[in-house]
Amino acid sequence: FPVTIMVDNDVNILALGELRGDKDIDVQDILFVKIGAGIGAGLISGGKIHRGGNGCAGDIGHVYIAEADNVVCRCGNMGCLESIAGGTALSNEGLRLAQSGTSKELAAIFDATQNITVQDLANAANHGDAAARALLNHSGKLVGATLATLVSFYNPELVVLGGHVARAGDYVLASIREVVYRRSLPLATRTLRIVTGK
């Protein structure tokens, strides 16, 4: 096929897709955050991908957060954001809620499937399960606190959230927005939009 081929980190490609894919978006500074099993970001600055000195810019899943200080991350460090707010961590915590009986909705899902996914958490939350709602809300707040720092530091025009955790319903999105708009500098959020990817 007579097309240009690009090979890059998934979040960088997703960020470029947001920049080039929607002609209604006329921005040059975008932060694309993928919240899936792990957490990563693609940064578009002045219409171009920002890769950093060694190509690992945007690896925000391994930013230290005090609340995860006693949790070992897959990278080997303790206290990484994704070790407590990423999809794998949420599924594991959902499984604990199901097995302990804390969440009747998740317990019923686990009895039927022997598994708990982020989508199961979203479904339980949408059916009024308080434990599932609290878990998704908490994850959103943790991610939001990290993004608030990035928004004040980087001052993007647009933050786009992708990945299966970000699409798990309004509980995550609302929590992220609330924390970012509350904790970032007012000038940095004056025209900032935070949306989920298409």
Side-chain angles (χ1 to χ4, degrees), residues 9-12 14-15 18 29-44 50 56-75 77-97 116-126 131-185 188-189 192-198:
N9 179 292
D10 61 344
V11 291
N12 287 344
L14 290 164
E18 291 295 331
D29 298 295
I30 299 172
L31 178 60
F32 184 96
V33 181
K34 182 181 175 194
I35 314 169
I39 302 173
L43 290 81
I44 304 282
H50 175 80
C56 66
D59 204 355
I60 65 171
H62 302 289
V63 168
Y64 173 79
I65 58 167
E67 189 170 325
D69 193 41
N70 62 347
V71 181
V72 178
C73 180
R74 66 185 169 101
C75 73
N77 285 327
M78 297 183 79
C80 294
L81 174 65
E82 78 176 40
S83 72
I84 194 169
T88 300
L90 290 176
S91 294
N92 290 339
E93 184 62 17
L95 180 61
R96 188 192 67 73
L97 292 172
I116 296 294
T117 66
V118 171
Q119 189 56 53
D120 294 330
L121 287 168
N123 292 341
N126 289 332
R133 284 181 179 180
L135 183 57
L136 291 172
N137 182 274
H138 184 64
S139 174
K141 286 185 177 184
L142 292 172
V143 172
T146 298
L147 293 184
T149 300
L150 295 175
V151 164
S152 292
F153 177 79
Y154 171 59
N155 188 209
E157 300 166 84
L158 177 67
V159 173
V160 182
L161 305 172
H164 65 278
V165 175
R167 292 190 302 270
D170 291 336
Y171 303 102
V172 175
L173 177 61
S175 297
I176 289 173
R177 281 179 172 159
E178 187 270 323
V179 174
V180 169
Y181 288 125
R182 179 172 45 86
R183 301 221 18 175
S184 299
L185 294 171
T189 59
L192 175 69
R193 290 182 297 138
I194 303 172
V195 300
T196 52
K198 293 183 173 139

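We use all heavy atoms of the structure for the numbers below, so side chains are in, but hydrogens, waters and symmetry mates are not. For clarity, every value in this text was computed on a predicted model and none was experimentally measured. We count residues from 1, following the sequence as given.
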Stepwise side-chain contact (heavy atoms from CB on, under 4.5 Å) test for N155 and D29: CA-CA 8 Å; N155 188 209; D29 298 295; over 6 Å; no
Return all side-chain donor-acceptor pairs below 3.5 angstrom for residues 164-174, not counting sequence neighbours, or 'none' if the list is empty.
unit_1 : atom_1 : unit_2 : atom_2 : d
Y171   : OH     : A125   : O      : 3.3
Y171   : OH     : R133   : NE     : 3.0
Y171   : OH     : R133   : NH2    : 3.3

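- Taken to the nearest 0.5 Å, the CD1 atom of I65 stands 4.5 Å off from the CG atom of L142.
- Separation of atoms CG (L136) and CG (L90) is listed at 6.5 Å; rounding is to 0.5 Å.
- Taking all atoms of both residues into account, the shortest heavy-atom contact from C75 to C80 is SG-SG, 3.7 Å.
- In this structure, SG in C73 is found 9.5 Å from CG in L81, a value given to the nearest 0.5 Å.
- Residues Y181 and R193 come closest through the heavy atom pair OH-CA, 4.0 Å.
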Residues L150, L43; criterion side-chain contact (heavy atoms from CB on, under 4.5 Å); working and verdict: CA-CA 10 Å; L150 295 175; L43 290 81; over 6 Å; no
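- Using a 4.5 Å cut-off on side-chain heavy atoms (C-beta onward), L147 and L161 make contact.
- In this structure, V11 and K34 approach most closely via the heavy-atom pair CG1-CB, 3.5 Å.
- The two residues V179 and A148 have their closest heavy-atom pair at O-CB, 4.2 Å.
- To the nearest 0.5 Å, atom OG1 of residue T117 and atom CG of residue L95 are 11.5 Å apart.
- Across all non-hydrogen atoms, the minimal contact from A37 to T88 is CB-OG1, 3.5 Å.
- Summarising the geometry, atom CD belonging to Q119 is positioned 8.0 Å from atom CG belonging to N126; distances are rounded to the nearest 0.5 Å.
- In terms of heavy-atom proximity, N137 sits nearest to S175 at ND2-OG, 2.7 Å.
- Applying the side chain to side chain donor-acceptor pair (under 3.5 Å) rule to R183 yields no partners; only residues at least two apart in sequence or on another chain are considered.
- In this structure, the separation between NE2 on H138 and CD on E67 is 3.5 Å, given to the nearest 0.5 Å.
- Between the S91 side chain and the G87 main chain, a donor and an acceptor come within less than 3.5 Å of each other.
- Between V180 and L192, the closest side-chain pair of non-hydrogen atoms falls below 4.5 Å.
- Residues forming a salt bridge (Lys or Arg N to Asp or Glu O under 4.0 Å) with E178 (at least two apart in sequence, or on another chain): R182.
- Side-chain contact between H62 and E82 is present, with heavy atoms from C-beta onward closer than 4.5 Å.
- Shown here is Y64, whose OH atom has more than 12 heavy atoms of other residues, nucleotides or ligands within 6.0 Å.
- Looking at heavy atoms from C-beta onward, I60 lies in side-chain contact with V33 at the 4.5 angstrom threshold.
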